Every structure is written in C-alpha cells, then in structure tokens.
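We use all heavy atoms of the structure for the numbers below, so side chains are in, but hydrogens, waters and symmetry mates are not. By convention here, the first residue in the shown sequence is residue 1. Source: prediction; values computed, not measured.
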Amino acid sequence: MTDSSLPLPRPPKLIATDLDGTLLCSGGVVSARTAAALAAAEEAGVQVVFVTGRPPRWMEQVSPHIGGHGIAICSNGGAVVDVRRGRLLRTFPLDPADTLRVVRELRAELPGCAFAFEFPGGFAREPEYSLFMWDSQNEHPVAPVEQLLAEGRVDGLFKVLVKHSELDPDVFLDKARAVAGQYVEITRSAPVALLEISALGVTKATTLAGLCAEQGIDRSEVVAFGDMPNDLEMLAWAGSSYAVANAHPDVLAAVARHTVSNEEDGVARVVEELLGL
C-alpha cells in the first residue's frame, strides 16, 4: 500500500516515471516486481514512458522493461529516444552562444566549475571534469569548453553537465540559477554537486507534454513518479503524481501523493493498485 491519504486516481493512459532513485533500486536494478508491474500496465493498454536525466547512451540496461512502445525521454527532456532500436528520434539543442555565456558566467561567479556535454555524437568534457564509472572506459573528446564549441565537436548539444568539488548540491543549484537561470534551464538529480543544464524552456514536463499531445493524451490521463528537483516540473504537470519516500525534501513537500521508497518498489505498488492487481 502507498502512504497517501488521497483517493487513488483512475487508471491512466500513460505512466511517466523517472528512473534512478524512483523506479530503479540501488545499482540501477529493475526488480522483478517492478518489471512485472510495468509489463502488466502495457498489457492493460497503459503506455509506460521513462522520463530521465540519463543520456540516451545510458539506457541499454532498462530497454527490456520499457514495454511495447519503446520510447524514453532522456536528458531531462533534451532528447527523445527509441530505446529498442537505439535511435535518437528528436533533440532540443542548446544555443552555442548561450552555452558559452553560461559557462563563462558560472566560472566567474562560482570558481571551481568543470563542464561536460551530451550531444548526438556522444559525450565530451573538460580535463577537469571527473568521470563517472560508466564513462571511464569510453573514448571521447577532452578539451577546454571554448575549443570544443569552436571546433564543432559538440554540435547539437542537448545537455550540459557542471560539477563542483566543494559546494553543497542545493546551494550550487540556487547560486547557478541566480547567475544563469535567465539563459537556460538548470536542475539537479545527483546526490553530489552536479548540475544539469538544458535549453531554456526544455524540461521533462515540456517534452512529455509534447509526446502526449501527439498521441491525444490529456495531462489528466497521466500518472507520474519522481524523486529529485529535475522531476518537479513533470510532477506538477501530470494529472496525478507520486513522490517516492526517499525523495528530495522539496519533492516531498511539493507532491501530495507519496509512495514507499524505490528500494521497496514504490512505483510498482502504485501501478498494481491502479490496475487493481
């Protein structure tokens, strides 16, 4: 059972769920219960869409569980992917001039920032940007930001990553928004000081809304799940939304419906209730 005192919403046409910290258990694992719940939803005619901060290239491990539609919204709305075919369907790129302005202003106001980029051709970074385990073995361009942009090595970039070695993650987010929030969308989903930047007006909510409009699905027919600040716009847009128990305090405060943690299959429990299982 979920811990919400609100009545259960009617069965949706679409379930939109974040991945890390929400649907997935520790280590990025899809539990057997969650896999079964997603399969049952698809069998009942409910579309399941993963809406994640992950880049398209990090989607392989969950592709067997995405259902018959095979569509995921990645990079906080910056990319739409056919996961089963490994095909990038659509991107919402940042303006290179805005990107360079943001980089320079963040560096000036918050010394110690290091930058990386997600773009259709892959991933690139500054030398100072330390790698995640999943990227450490992959070849990619490494150069100063100005060089990467000037040489066209990150053309079509749809996500900028910014790390800081000292700042508190929430403080980093607040300060960065104050500096550059008028040019781009800035959010976070990691437990460390790592910010995620997309083009102005591009969020999980905007891309999900576009996908639903194409299919004639009203927001009232969408149930969404999330755990971090990068989920807030999506959770506010969907007709019904749930925060998992392990969510960021801002998410728990903003969302009326709560479920148990990702480690306790919180999303699966709600889906089972929605389907009457």
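The backbone N or O of Val30 sits nowhere less than 3.5 Å from a side-chain atom of Thr34 that would complete a donor-acceptor pair. Asp231 places no side-chain N or O within 3.5 Å of a backbone atom of Val251 that could act as its donor or acceptor partner. Arg84 places no side-chain N or O within donor-acceptor distance of the main-chain N or O of Gly70, the cut-off being under 3.5 Å. Checked by atom type and distance alone, the side chain of Glu42 pairs as donor or acceptor with a backbone atom of Val48 at under 3.5 Å. A donor-acceptor pair under 3.5 Å is absent between the side-chain atoms of Arg188 and the main chain of Met228, judged by distance alone. Put simply, the side chain of Asp168 gets close to the backbone of Val171: a donor and an acceptor are under 3.5 Å apart. In terms of modelled atom types and a separation under 3.5 Å, the side chain of Arg177 and the main chain of Gly181 share no donor-acceptor contact. Without hydrogens or angle criteria, Thr206 side chain to Thr203 main chain gives a donor-acceptor distance under 3.5 Å.
Atom CG in Leu208 sits 12.0 Å away from atom CD in Glu233 (nearest 0.5 Å). Going from atom NE2 of His140 over to atom CZ of Arg125 covers 4.0 Å, rounded to the nearest 0.5 Å. The distance from the CZ atom of Arg54 to the OG atom of Ser189 is 10.5 Å, given to the nearest 0.5 Å. In this structure, the separation between CG on Asp18 and CG on Leu23 is 8.5 Å, given to the nearest 0.5 Å. Separation of atoms CG (Asp82) and CG (Leu88) is listed at 10.0 Å; rounding is to 0.5 Å. Atom CD in Glu185 sits 13.5 Å away from atom NZ in Lys204 (nearest 0.5 Å).
Tracing side-chain contacts under 4.5 Å through hydrophobic residues (I, L, V, M, F, W, Y), one reaches Val46 starting from Val271; they form part of the same cluster. A chain of hydrophobic side-chain contacts below 4.5 Å, direct or via other Ile, Leu, Val, Met, Phe, Trp or Tyr residues, connects Leu195 to Leu157. Transitive grouping of hydrophobic side chains (ILVMFWY, heavy atoms separated by less than 4.5 Å) keeps Val202 and Leu232 in distinct clusters. Residues Val154 and Val103 are members of one and the same hydrophobic cluster, defined by side-chain heavy-atom contacts under 4.5 angstrom among Ile, Leu, Val, Met, Phe, Trp and Tyr.
In this structure, His248 has no ring-ring contact (aromatic ring centres under 6.0 Å, His included) partners at least two apart in sequence or on a different chain. Checked against side-chain contact (heavy atoms from CB on, under 4.5 Å), Ala193 has the following partners two or more places apart in sequence or in another chain: His164, Phe172.
Side-chain contact check for Ser198 and Asn76: no donor-acceptor pair (N or O, by modelled atom type) lies under 3.5 Å.
Using a 4.5 Å cut-off on side-chain heavy atoms (C-beta onward), Arg101 and Tyr183 make contact. Using a 4.5 Å heavy-atom cutoff, the side chains of His258 and Leu252 are in contact. Cys74 places none of its side-chain heavy atoms less than 4.5 Å from the side chain of Phe50. In this structure, the side chains of Val81 and Arg87 stay at 4.5 Å or more apart for every pair of heavy atoms. Residues Ile217 and Val222 meet the side-chain proximity criterion, which asks for heavy atoms closer than 4.5 Å. The side-chain heavy atoms of Thr259 and Val267, taken from C-beta on, include no pair separated by under 4.5 Å. In this structure, Pro56 and Ser75 have side chains that are in contact, with non-hydrogen atoms separated by less than 4.5 Å. At least one side-chain heavy atom of Leu106 sits less than 4.5 Å from a side-chain heavy atom of Ile197.
Taking all atoms of both residues into account, the shortest heavy-atom contact from Phe92 to Phe158 is O-CB, 4.0 Å. Of all heavy-atom pairs spanning Ala40 and Leu275, the tightest one is C-CD1, 3.8 Å. For the pair Ala205 and Trp237, the tightest heavy-atom approach, listed with the atom from each and the gap, is CB-CB, 4.1 Å. Contact detail for Phe123 and Ala116: the closest heavy-atom pair is CE1-CB, 3.7 Å. Of all non-hydrogen atoms in Met59 and Ala72, the two that sit nearest each other are CE-CB, 3.7 Å. A pairwise comparison of heavy atoms in Leu148 and Ala143 identifies CD1-O, 3.5 Å as the closest pair.
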Can you list the steps and then say if Lys13 with Glu221 is a salt bridge (Lys or Arg N to Asp or Glu O under 4.0 Å)? CA-CA 5 Å; Lys13 286 188 178 179; Glu221 300 170 310; 3.2 Å; yes
Glu118 and Leu161: side-chain contact (heavy atoms from CB on, under 4.5 Å), yes or no, with the steps? CA-CA 8 Å; Glu118 298 285 352; Leu161 300 158; 4.2 Å; yes
Walk me through whether Leu173 and Ile186 qualify under side-chain contact (heavy atoms from CB on, under 4.5 Å). CA-CA 7 Å; Leu173 176 59; Ile186 308 176; 3.9 Å; yes
Determine, stepwise, if the pair Val51 / Thr17 fulfils side-chain contact (heavy atoms from CB on, under 4.5 Å). CA-CA 6 Å; Val51 189; Thr17 180; over 6 Å; no
Quick one: do Glu128 and Lys163 satisfy salt bridge (Lys or Arg N to Asp or Glu O under 4.0 Å)? Show the steps, please. CA-CA 9 Å; Glu128 297 81 10; Lys163 282 186 178 181; over 6 Å; no
Given Ile15 and Gln47, is the side-chain contact (heavy atoms from CB on, under 4.5 Å) satisfied, shown in steps? CA-CA 6 Å; Ile15 292 169; Gln47 184 175 355; over 6 Å; no
Intermediate values then yes/no, salt bridge (Lys or Arg N to Asp or Glu O under 4.0 Å), Arg90 and Glu214: CA-CA 14 Å; Arg90 184 182 310 164; Glu214 290 172 359; 2.9 Å; yes
Check the pair Lys159 / Glu196 against salt bridge (Lys or Arg N to Asp or Glu O under 4.0 Å), numbers first and verdict last. CA-CA 7 Å; Lys159 184 177 181 181; Glu196 303 162 55; 3.1 Å; yes
Please determine whether side-chain hydrogen bond (donor to acceptor under 3.5 Å, both in side chains) holds for the pair Asn262 and Thr22, giving the CA-CA distance in whole Å, both sets of side-chain angles, and the decisive distance to 0.1 Å. CA-CA 5 Å; Asn262 63 320; Thr22 300; over 6 Å; no
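Ring orientation note: the planes of Phe225 and Tyr242 are close to parallel, at an angle under 30° on the 30°/60° scale.
Electrostatic pairing of Glu272 and Arg33 counts as a salt bridge here, judged by a charged N lying under 4.0 Å from a carboxylate O.
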